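This structure is a prediction, so every number in the text was calculated from the model and none was measured. Lettering follows sequence order; numbering is per chain, from 1. Heavy-atom basis, side chains included; hydrogens, waters and symmetry copies ignored.
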Protein chains: 2
Amino acid sequence: MNLARRPTIHDVAERAGVSKSLVSLVLRGAPNVSDRRRAAVAQAVTDLGYRPNAVARSLVEQRTRTVGVLVSNLHNPFFAEVVDGLQEQATELGYRVLLGSGNGLSVREEETVEALLELRVEGLVMLNPVLDAWVVDDASRSVPVVVVGRHDLRLLRVDTVSSDDARGTALAVEHLIGLGHRHIAHIAAGRVAAADPRRQGYEAAMRRAGLGAQIRVSSGDYTTDEGGYEGMTKLLAERPRPTAVLAHNDLAAVGAMGALDDAGLRVPDDVSLVGYDNSYLAGVRHLSLTSVSQPRLEMGHLALTAVHERIDNSDGPARNDVLEPVLVVRATTAPPH
Amino acid sequence: MNLARRPTIHDVAERAGVSKSLVSLVLRGAPNVSDRRRAAVAQAVTDLGYRPNAVARSLVEQRTRTVGVLVSNLHNPFFAEVVDGLQEQATELGYRVLLGSGNGLSVREEETVEALLELRVEGLVMLNPVLDAWVVDDASRSVPVVVVGRHDLRLLRVDTVSSDDARGTALAVEHLIGLGHRHIAHIAAGRVAAADPRRQGYEAAMRRAGLGAQIRVSSGDYTTDEGGYEGMTKLLAERPRPTAVLAHNDLAAVGAMGALDDAGLRVPDDVSLVGYDNSYLAGVRHLSLTSVSQPRLEMGHLALTAVHERIDNSDGPARNDVLEPVLVVRATTAPPH
DNA sequence: GCAGTTGAATGGAACGCTCCAATCCGGTCC
DNA sequence: GGACCGGATTGGAGCGTTCCATTCAACTGC
């Protein structure tokens, strides 16, 4: 396409019969410009269909007013709302948001980070990244970095925003205990970052209630539908059978629901079920899953605010914000039979 | 942050004891550079942690090697896989992908398009945009535009990629008829772009099978869980009661499933159910919804290829690629009772 | 009527890079 | 040994902006 032939500020200036400097002033709304000139420039701009070149502007201003966001995996239902929060706050603070995806692959994430840095984003937000810590550290050397949703990354210079996963599972356990359950099991995930705190929160809450002996964890890589099914199947083989199950996330919970179906057990009459993430899956009325909600919108807000503050003032120790999760009770939890 | 203090090609040149031109040559892998110099430059680059400035490069090269992608709404499960396809093909063809979201709001979409154009993307892909046609037309004046998933936008200069929605619902109807169903109803959506062809495909297939008299459409804005529930409730009040229902999308189908539950009817024993989109919701084993799948990955490939071809050669009439949907049969369809 | 003041408008340098034209240098050939 | 060659290297212009320093024009006050 004729990228080259697009009108420049020069063309506008010529058509309006003024200097390019004046056009620049008008475009940026400077005060001391006569109405006559202002109108002439505005006219020329619409006549030519002129659109300022952000590339040139960024070069000379030495800033891009852009924050890069690395989304590890667009399929992860967790991220969309976080991005909404980021966007909202970015608009508020005068930044543009550039999304890059990593397809869940560490290599692709690295490439994306590199690309964003070459584009000279002024800050970088990483959502649930799977890449190595050294990449984060390296990036944080040239630009403020905020990591959302990973507990294991505690680096100097890198702020983090996450929700208290241990607290989340504890909330779920307390809810179930309050309903009268004692045999509460957990379907845990393996690799993923959130797995450990969620499991630990479950175990701690059980011990606090004097139920340390009833702790049952079906572990493996149970973050999928299929995984939840398998995890539940294993649990159903044990005696005494759990009367309530807390899954690592909603998808696993729905898989567990399938296993209960197949075993002829009803939810919540025979077994209560709790998910995690409060994804739209949980809200679907046919499933109506009790789930732990992370304040996603707020996490986005907070992450962007953190980046913004670092851009203005890069000093100060790393902040690690931890937000409180909320339990959303729906139809899959009830007192035990 | 000290954006300004980041090393430039000049710093690298100085440290390596060569000219900036030579550094540029090395960085772009030019052939006629002595090994000694090449090594010296490489050393200086790593010493300084130099990263080329894509902004400056784009300005002088008069191209950004970037394609902008407007995602109307990140929550729409349809788009993630399309973006995967876009990304894949972009990497293949040497482009970078910049995602911008519009939050489902027409105004925000316009802003995003404007921002992407100011960033001088070389092409624009719009996924299920909700914005007005004139915005698309206007954008297409300065950059090649490809629209994915909207049937109503047929503009000169604008290529489209979509899947044949009428064919999709027809596939579903044919499947149900093959199972022996005659009373097949449709839960349609109102506003959204895909609503009309899906309904028409249903009606046409019914007529082709001599079942024109059995056509039942519960229409409204039934694209949500809740909407599917209402639509199904209305259908259940009619006599004869349909033995099979085809919903506008998976979410509506799951809502319908809830209504059937509440009415004490079983799926698929009493009523067969078909969704649309084959989202991961449909694949969840507890739901296991028969659904119509759009070739999302391929749509992404095709869209990016189209943009690429327009960038190289902007002429030729607009292409409107229509891909074949595929019916994925799962557990919610069976012969009528 | 002229220095001084103020508001409006402009020219040119600079941002970090690419790329063209020019230069440099060590051989080769006759 | 001087002309010529070709690969290696370099200086400088230019990409489309912003912004500083300067100029210009029109007043003001005495």
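- D:dG11 atom C1' lies 10 Å from atom NE2 of B:H10, rounded to whole Å.
- Summarising the geometry, the separation between CG on B:N32 and P on D:dC5 is reported as 18 Å, rounded to the nearest angstrom.
- The nearest whole Å value for the distance from the CZ atom in A:R65 to the C1' atom in D:dT18 is 12 Å.
- The CG atom of A:L116 sits 10.0 Å away from atom OG1 of A:T66, with the distance rounded to the nearest 0.5 Å.
- Backbone-only contact: A:V33 has heavy atoms under 4.0 Å from sugar-phosphate atoms and none from a base.
- Here the nucleotide nearest the side chain of A:L59, chosen from C:dA8, C:dG16, D:dT9, is C:dG16.
- Atoms CZ (A:R63) and P (C:dG16) sit 16 Å apart, rounded to a whole Å.
- Considering only side-chain atoms of B:R37, the nucleotide from C:dT18, C:dA8, D:dT9 that sits closest is D:dT9.
- When each of A:E298, A:H301, A:H308 is paired with A:Q89, the side-chain contact (heavy atoms from CB on, under 4.5 Å) condition holds for A:H301 and for no other.
- A:E122 places a side-chain N or O within 3.5 Å of a backbone atom of A:T64 that can act as its donor or acceptor partner.
- In this structure, CZ of B:R57 is placed 16 Å from C1' of C:dC15, rounded to the nearest angstrom.
- The structure places CD of B:E114 at 10.5 Å from OG1 of B:T112, a figure rounded to the nearest 0.5 Å.
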| query | Which is it for A:R6 and A:D11 under the salt bridge (charged side-chain N to carboxylate O under 4.0 Å, His left out) test, yes or no, and what are the steps along the way? | reply | CA-CA 9 Å; A:R6 291 209 258 182; A:D11 302 323; over 6 Å; no
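- B:Q294 and B:D277 share a side-chain donor-acceptor pair at under 3.5 Å.
- The interatomic distance linking B:E118 (CD) with D:dT17 (P) rounds to 10 Å, in whole Å.
- Which of D:dA8, C:dC17, C:dA8 sits closest to the side chain of B:S34 comes down to D:dA8.
- Between A:Q62 and C:dG16 there is a side-chain polar atom (N or O) within less than 4.0 angstrom of OP1 or OP2.
- Taking CZ of A:F79 as the start and CG of A:D84 as the end, the distance is 9.0 Å to the nearest 0.5 Å.
- Taking A:R108 as the reference, A:N103, A:L105, A:E111, B:Q87, B:T91 meet the side-chain contact (heavy atoms from CB on, under 4.5 Å) condition, with sequence neighbours excluded.
- Residues from residues 40-53 of chain B lying near DNA chain C, meaning a heavy-atom separation below 4.0 Å, are B:Y50, B:P52, B:N53 in numerical order.
- Between A:V307 and A:V67, the closest heavy-atom pair is CG1-CG2, 4.1 Å.
- In the region residues 14-28 of chain B, proximity to DNA chain D at under 4.0 angstrom, judged on heavy atoms, holds for B:V18, B:S19, B:K20, B:S21, B:L22, B:L25.
- Going from atom CZ of A:R36 over to atom P of D:dA25 covers 13 Å, rounded to whole Å.
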